[in-house]
*Asks:* 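Sharing a structure below in structure tokens format, with a few things to ask.
Note that this is a predicted model, so its numbers are computed, not measured. Sequence positions, counted from 1, serve as the residue numbers for this chain.
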Amino acid sequence: MKPTPADKTPQQAECVIVLDFGSQYAQLIARRVREQHVYCEIVRHDVTAARIRELAPRGIILSGGPSSVYEPSAPRCDPALFQLGIPVLGICYGMQLACDALGGRVGQAHAREYGRALCEVLSADTLFAGVPQHSEVWMSHGDQVDAVSADFVPLAKTPTCPLAAVRHTTLPVFGLQFHPEVTHTAAGGAILANFLKIVCGCSGAWRLEDFAEGVITELRRRVGNDRVICGLSGGVDSAVVAALLSRAIGGQLSCILVDNGLLRKNEAVAVIDEFTTHFKSDLHVVPAEKMFLDVLAGVTEPQEKRRRIGKAFVDCFADEAAKIKGAKFLAQGTLYPDVIESGASPDGPAATIKLHHNVGGLPEDLQFELIEPLRDLFKDEVRRLGLQLGLPERIVWRHPFPGPGLAVRCLGEVTKPRLDKLREADAIVLEEIERGGLMRKVSQAFAVLLPVQSVGVMGDARTYDDVLAVRAVETEDFMTADWSHLPYEMLAKISSRVINEVRGINRVVYDISSKPPATIEWE
């Protein structure tokens, strides 16, 4: 549902495109561009120069990637794009690719750089205008540009990388060996802003409201007089999708809640209340706990859990949808991180990290046309959009919840007794974090029931019960995340309450791993 150049608003006409070479940061680059109020889309790395000319972007950004440009199978871009006269910014692998295509040489670095490095600006014009001469940048590379042609001039260096930034003298081509899109690069935002506004000439007039109005217009055109079905899960994403569709097509929307027994405590009741009183929507509730428990019986492998849950969900959904006359479309709350982590994006060669319920469980013979109006948004953008659409804050700021629900937080076999145990413990974790005033600061918090038992003592008796892990993270975009430094007193209260109030758990541990290398969910 992306607009063609002729359909774009004046704000969208300032589009910048990101060519995706497989970097997990490609979506983050797009997010940083949007933060500068410039519309941004991600496209395949092998898009032709002719197609780029049709798109008429104000600028092109070449993302990083895991390959080496001198490998025969390395992904490459159409070299003609450098001759279009459109400003190009190559980041990490993208810089190496640009320099290699324009007469430079790339090789293995004498000293690989992973992490923070001190960058010294050599030329403060254009890209580095207003940037401090010395600042920290974030490096992540084993290769680097060894030499450039006489057409390039160096703009910055680090102690081990003499060509940390370069500029072509006759073409509007720039390169950065470091990553300006990550928060660890102190002046990254200023550097990107300089590229967008000084080099590309963007005015920075795009707003998220423009996205919403564009999607609403497109939804009305695409749906016509047909009916759309939206699956509700209790999470923020599906709620925002429902609100967006409600604004676009009103009474043509039917919502289905599959009560699969995998939801958080009191979640089904809350969803039913919200979507019958707030939205007054056509809501269908499918009681399916037994069905889901049956298909999950004996299954312990995480991806298999997700596949079975996805299939069971679609089966329930299809059965209920068959009762709704005129239903042609199925709406889902798929987000950018869902797409990139599933390796399902048609826009790039990124590898699969985990199979997302929203994008991984649908059959090829699905009888509905799929609508994913949030597919190009990050979680923080979805929250902002929800508030703009009039959703109450209690919905918008609800912590994210995976499509497969508690099944991927119940490690090992999924049974009703284990789910009930996990549900009670999870509710305690969230209650204490909310009571401590940290629900906004903590991006996502939940409990994980481990398939591990440990020895304990309760009263004068020996116990051999389950172990519960508590996970809490802070993140801007859910592509990377740091573990939350919850107060010891809060952790102690959580542990005490869980062990005393939830029968069958005698030990609580706290997960202090960040993403990467860990993911936020355990499965």
Side-chain angles (χ1 to χ4, degrees), residues 1-17 30 34 37-44 47 51-52 54-57 205-232 237-256 275 279-284 317-318 321-322 324-336 338-339 344-347 358-359 362 364-378 381-382 384-391:
M1 295 195 301
K2 293 177 180 178
T4 63
D7 296 332
K8 289 181 179 179
T9 66
Q11 294 89 346
Q12 291 175 327
E14 291 191 338
C15 176
V16 168
I17 60 174
R34 292 179 191 177
H37 301 298
V38 175
Y39 186 71
C40 186
E41 295 178 359
I42 297 176
V43 301
R44 292 182 58 89
V47 62
R51 176 57 179 153
I52 292 176
E54 290 176 5
L55 293 172
W206 181 78
R207 296 294 185 273
L208 190 59
E209 293 90 331
D210 301 311
F211 170 87
E213 290 306 315
V215 169
I216 287 170
T217 300
E218 174 60 19
L219 284 170
R220 288 172 180 161
R221 183 199 65 78
R222 184 180 176 192
V223 172
N225 295 321
D226 292 307
R227 181 165 290 276
V228 178
I229 297 174
C230 178
L232 296 176
D237 306 334
S238 63
V240 174
V241 168
L244 194 61
L245 285 164
S246 181
R247 175 76 63 87
I249 60 174
Q252 294 168 244
L253 172 65
S254 292
C255 295
I256 296 177
F275 284 88
F279 289 105
K280 302 186 185 304
S281 63
D282 177 32
L283 177 62
H284 300 244
F317 209 96
I324 302 173
K325 294 181 179 180
K328 181 180 177 181
F329 298 93
L330 168 63
Q332 290 192 147
T334 308
L335 307 188
Y336 248 172
D338 296 339
V339 174
S345 173
D347 300 320
N358 279 349
V359 295
L362 299 176
E364 293 182 2
D365 60 348
L366 183 70
Q367 296 179 3
F368 306 105
E369 289 185 33
L370 196 60
I371 291 177
E372 297 175 308
L374 307 182
R375 189 182 178 91
D376 292 331
L377 297 185
F378 291 92
E381 293 175 321
V382 171
R384 285 165 47 206
L385 180 59
L387 292 173
Q388 290 171 11
L389 292 169
L391 282 170

*Asks:* For residues Ile229 and Ala327, report the shortest heavy-atom separation together with the two atoms involved.
*Replies:* CD1-CB, 3.4 Å
*Asks:* Using 0.5 Å steps for rounding, measure from the SG atom of Cys230 to the CZ atom of Phe317.
*Replies:* 7.0 Å
*Asks:* Kindly say whether Thr334 contributes a backbone atom to a donor-acceptor pair with the side chain of Arg375 at under 3.5 angstrom?
*Replies:* no
*Asks:* Is a side-chain donor or acceptor of Gln252 paired with a backbone partner of Asp226 at a separation under 3.5 angstrom?
*Replies:* yes
*Asks:* State, yes or no, whether a side-chain contact exists between Arg227 and Lys325 at a heavy-atom distance under 4.5 Å.
*Replies:* no
*Asks:* Restricting to non-hydrogen atoms, name the atom on Leu377 and the atom on Phe211 that form the minimum distance, rounded to 0.1 Å.
*Replies:* CD1-CE2, 3.5 Å
*Asks:* Taking side chain as C-beta onward, heavy atoms only, is Leu283 less than 4.5 Å from Leu232?
*Replies:* yes
*Asks:* Is there a side-chain contact between Val223 and Ile371, using heavy atoms and a 4.5 Å cut-off?
*Replies:* yes
*Asks:* Kindly compute the distance separating CD (Glu209) from CG (Leu389), expressed to the nearest 0.5 Å.
*Replies:* 10.0 Å
*Asks:* If I compare all heavy atoms of Ala321 with all of Ile256, which pair ends up nearest, and what's the gap?
*Replies:* N-CD1, 4.0 Å
*Asks:* Work out which heavy atom in Leu208 is nearest to a heavy atom in Leu385; give both atom names and the distance.
*Replies:* CD2-N, 3.8 Å
*Asks:* Measure the spacing between CG of Leu374 and OG of Ser238 and express it to the nearest 0.5 Å.
*Replies:* 9.5 Å
*Asks:* What distance separates Ile324 CD1 from Cys255 SG, expressed to the nearest 0.5 Å?
*Replies:* 9.0 Å
*Asks:* Give, for atom CD of Glu372 and atom CG of Leu330, the distance between the pair rounded to the nearest 0.5 Å.
*Replies:* 8.5 Å
*Asks:* Show the nearest heavy-atom pair for residues Ile52 and Pro57, with the distance to one decimal.
*Replies:* O-CD, 3.2 Å
*Asks:* Roughly how far, to the nearest 0.5 Å, is CZ of Arg247 from CD of Glu213?
*Replies:* 7.0 Å
*Asks:* Please name the pair of heavy atoms, one in Ala242 and one in Leu253, separated by the smallest distance, quoted to 0.1 Å.
*Replies:* O-CD2, 3.5 Å
*Asks:* Can you sort out the partners of Arg384 under side-chain hydrogen bond (donor to acceptor under 3.5 Å, both in side chains), two or more places apart, ordered by chain and number?
*Replies:* none
